Structures are given as structure tokens and as C-alpha cells.
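Hydrogens, waters and symmetry mates are skipped; everything else that's a heavy atom, side chains included, is used. In this text, all values refer to a predicted model and were calculated from it rather than measured experimentally.
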Amino acid sequence: MKDVRWFVMGDDDTVFMVDNVVRILSKYNHNHFYYIGSSSESHVQNMHFSYAMAYGGGGFAISYPLAQELAKMQDRCIQRYPALYGSDDRIQACMAELGVPLTKEAGFHQYDVYGDLLGLLGAHPVAPLVSLHHLDVVQPIFPRMTRVSALKHLMKSVNEDSGSIMQQSICYDRHNYWSISVSWGYVVQILRGVLSPREMEMPSRTFLNWYRRADYTAYAFNTRPVARHPCQKPFVYYMSNTHFDSTTKQVIGVYNHDKSKPPFCRWRMNSPEKITSVVVTKKPDPLRWKKSPRRDCCRILSPQKKATTLYLWVGSCQEGEVTEL
């Protein structure tokens with residue numbers, strides 16, 4: 001086959017961010033042997049199958065020369081593993097025979113979870129979002145939408161700056177003592193009090209593991225519990241609209257408050273419930289993944305005590321800029 005560099009595999013319930021697939025694969029020399037993907041979020045699934053396997057639901061890529069080598073021995077190889085469950089499992093077994101290890105990229109998401117992906121997508125790792133899987137078993141990523149319409153809604157942001165989709169940034173409102181987390185193009189969360197970046201970049205357990213237990217030991221990464229105290233519940237603002245402003249050369253996103261009523265809180269501090277919408281401005285950065293990975297910085301623009309709209313700026317950090325209160 002002419003002009004083919006990679007073969008990419010995914011399931012029928014896998015959604016790929018195609019621009020980010022290209023960004024990831026362009027880092028590697030396609031003339032060499034590469035087997036690129038990621039593990040499951042479920043520790044139990046990885047133990048049952050393999051931590052060395054690229055999960056097919058999250059998707060994986062094989063370079064053309066490696067595919068040629070695989071084609072020469074695959075029929076013999078799969079006959080040696082009749083007990084293995086799926087094609088991704090068998091591919092990994094053949095890769096082991098070829099001696100090619102998995103090159104892990106954190107943006108491929110198997111999502112062996114149930115429930116609400118808010119905790120995971122609101123604290124995405126500093127890596128391009130490449131794929132989403134199992135969207136037929138989790139809740140729609142935007143409330144009060146169908147699964148398909150929620151994905152189409154997300155694509156409004158993807159079309160404006162695919163490289164930055166779901167990238168987290170963290171800032172603090174010094175006047176109100178609020179902690180703010182932006183998952184660009186998806187959601188903004190405001191919490192009363194100060195939560196350190198170390199905690200904020202850890203996904204909150206809004207989801208259940210693949211074996212239907214809310215057990216923090218079941219994940220292959222660190223998580224934090226969903227806040228039980230009514231004053232610590234985050235105020236959630238989902239992306240409502242995104243557009244490019246040709247005058248300022250920036251993408252402007254409007255995030256509206258989820259209509260659920262906040263629980264009663266006795267703390268004597270300003271409540272984010274007065275904020276009905278958040279406007280986030282950001283300059284598109286298609287070359288961001290050509291640089292060393294770093295979380296975006298976030299700044300509050302002209303805070304006003306009685307305002308109902310919060311204005312934020314998100315973008316590359318300046319020299320000496322630190323996320324701190």
C-alpha cells in the first residue's frame with residue numbers, strides 16, 4: 001500500500017479526535033516499529049488482561065513496517081493463543097513474540113468505567129485527548145442531552161482548538177477564596193475554599209469502576225473522593241457555546257451553570273451560586289504539543305463583587321508564573 005504510515009484500530013463505540021491522532025503519531029518515526037496505545041483505567045482489567053496491552057476500545061496504532069512483520073506471522077501467532085479473549089489481547093501476544101513493547105500515550109482512553117465522566121474529563125492528563133470509548137455505557141458527557149448530541153456539542157470546541165480540548169487549567173479567586181478548574185471546551189468547576197493543584201489535577205470519583213463498586217483501589221491511577229460536605233460541592237458550568245472572535249484572534253467559550261440546586265451551606269463566605277455563567281477566552285495554539293508538556297495557566301479577568309458572570313483567560317504560562325493563591 002502506497003503512502004500509508006500507520007494503521008489505527010478502534011471499536012465501533014470509539015470516538016477519535018483525528019487531529020490529535022495525527023499529532024501523537026507525528027512524534028514517532030513511522031519507518032520504525034511502533035505499537036502505540038494505552039492501558040485500561042481499571043486495575044482489575046489490566047491484571048486480568050495485561051498492563052502491556054494497548055486496549056482496542058481506547059484504540060491503538062501500529063506503524064506500517066511493524067504491520068508488515070505482523071502480517072507474516074499473525075496467522076501462526078493467533079493459533080497459539082486460542083484462550084485469549086479479544087483481538088487487542090491477541091495483537092499484544094504477537095507483539096510480545098516480535099519483541100515490540102507498548103509505547104504508552106495517555107490520551108487513548110479505554111474508559112472501563114460506569115457513570116459520570118465529569119471527574120475524569122474535568123482533570124484530563126497533560127496530553128492530547130485522542131479517543132473516548134464506552135460512551136454507550138456511561139452517562140452523556142453533557143447533561144440533558146442524548147449521547148450523540150452531547151458529542152456533537154463537544155465538537156464545537158474541538159473544531160476551534162482540537163489540541164487544547166479537555167486540557168485542565170487551575171486558578172484561584174483571591175477575593176472570594178474559590179478554587180477554579182477549567183477543562184477547556186467542556187466544563188468549569190468552582191469550589192469554595194482552597195484546594196491545592198496537586199488535588200485538583202486528581203480526578204474526583206464521579207464514576208464507578210468496571211465491576212460496579214465505588215472502590216478507589218480499583219483504578220490504575222490516583223483519584224479523590226467526591227466531596228460529601230455540602231459546602232465543598234463544586235459548582236459546575238458546562239460549555240454552552242464556543243466561537244472564534246476574528247477581531248481579538250481568540251476563542252471565546254460561554255459556560256452556563258448546571259441548573260441543579262446547590263445544597264445549603266453554613267460557611268460564612270461568598271458562594272459561587274451568584275455566578276450564573278463563566279466566559280473563558282483563549283488563543284488557539286495548534287503547536288502546543290510541539291513544546292514540552294505543561295498545564296495551561298488560568299487568570300481571572302477584572303473580578304467584580306456583584307457580577308453574575310466570571311471572566312477567565314486560559315493560555316500558556318509566562319516565565320515565573322505559578323498556580324498558587
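- With Lys283 contributing its side chain and Val251 its backbone, the two residues share no donor-acceptor pair below 3.5 Å.
- Phe207 pairs with exactly one of Tyr111, Tyr114, Tyr219 by the ring-ring contact (aromatic ring centres under 6.0 Å, His included) rule, that one being Tyr219.
- In this structure, Arg144 places its CZ atom where more than 12 heavy-atom neighbours from other residues, nucleotides or ligands lie under 6.0 Å away.
- Between the side chains of Asp112 and Gln45, a donor-acceptor pair is found at a separation under 3.5 Å.
- Across all non-hydrogen atoms, the minimal contact from Phe49 to Asp89 is CD2-OD2, 3.4 Å.
- For the side chain to side chain donor-acceptor pair (under 3.5 Å) test with Glu97, the passing option among Arg80, Gln74, Arg76 is Arg80; the others fail.
- Applying the salt bridge (charged side-chain N to carboxylate O under 4.0 Å, His left out) test to every pair with at least one member in residues 7-18, sequence neighbours left out, gives no pairs at all.
- When each of Val130, Val22, Val158, Ile24 is paired with Met17, the side chain to side chain contact (heavy atoms under 4.5 Å, CB included) condition holds for Val158 and for no other.
- Judged purely by distance below 3.5 Å, without hydrogens or angles, the side chains of Ser240 and Asn256 pair a donor atom with an acceptor atom.
- Listed by first then second residue, pairs satisfying side-chain hydrogen bond (donor to acceptor under 3.5 Å, both in side chains) with a partner in residues 186-195 read Arg192-Ser271, not counting sequence neighbours.
- Ser39 and Gln110 share no side-chain donor-acceptor pair at under 3.5 Å.
- Rounded to the nearest 0.5 angstrom, His134 NE2 and Leu117 CG are separated by 11.5 Å.
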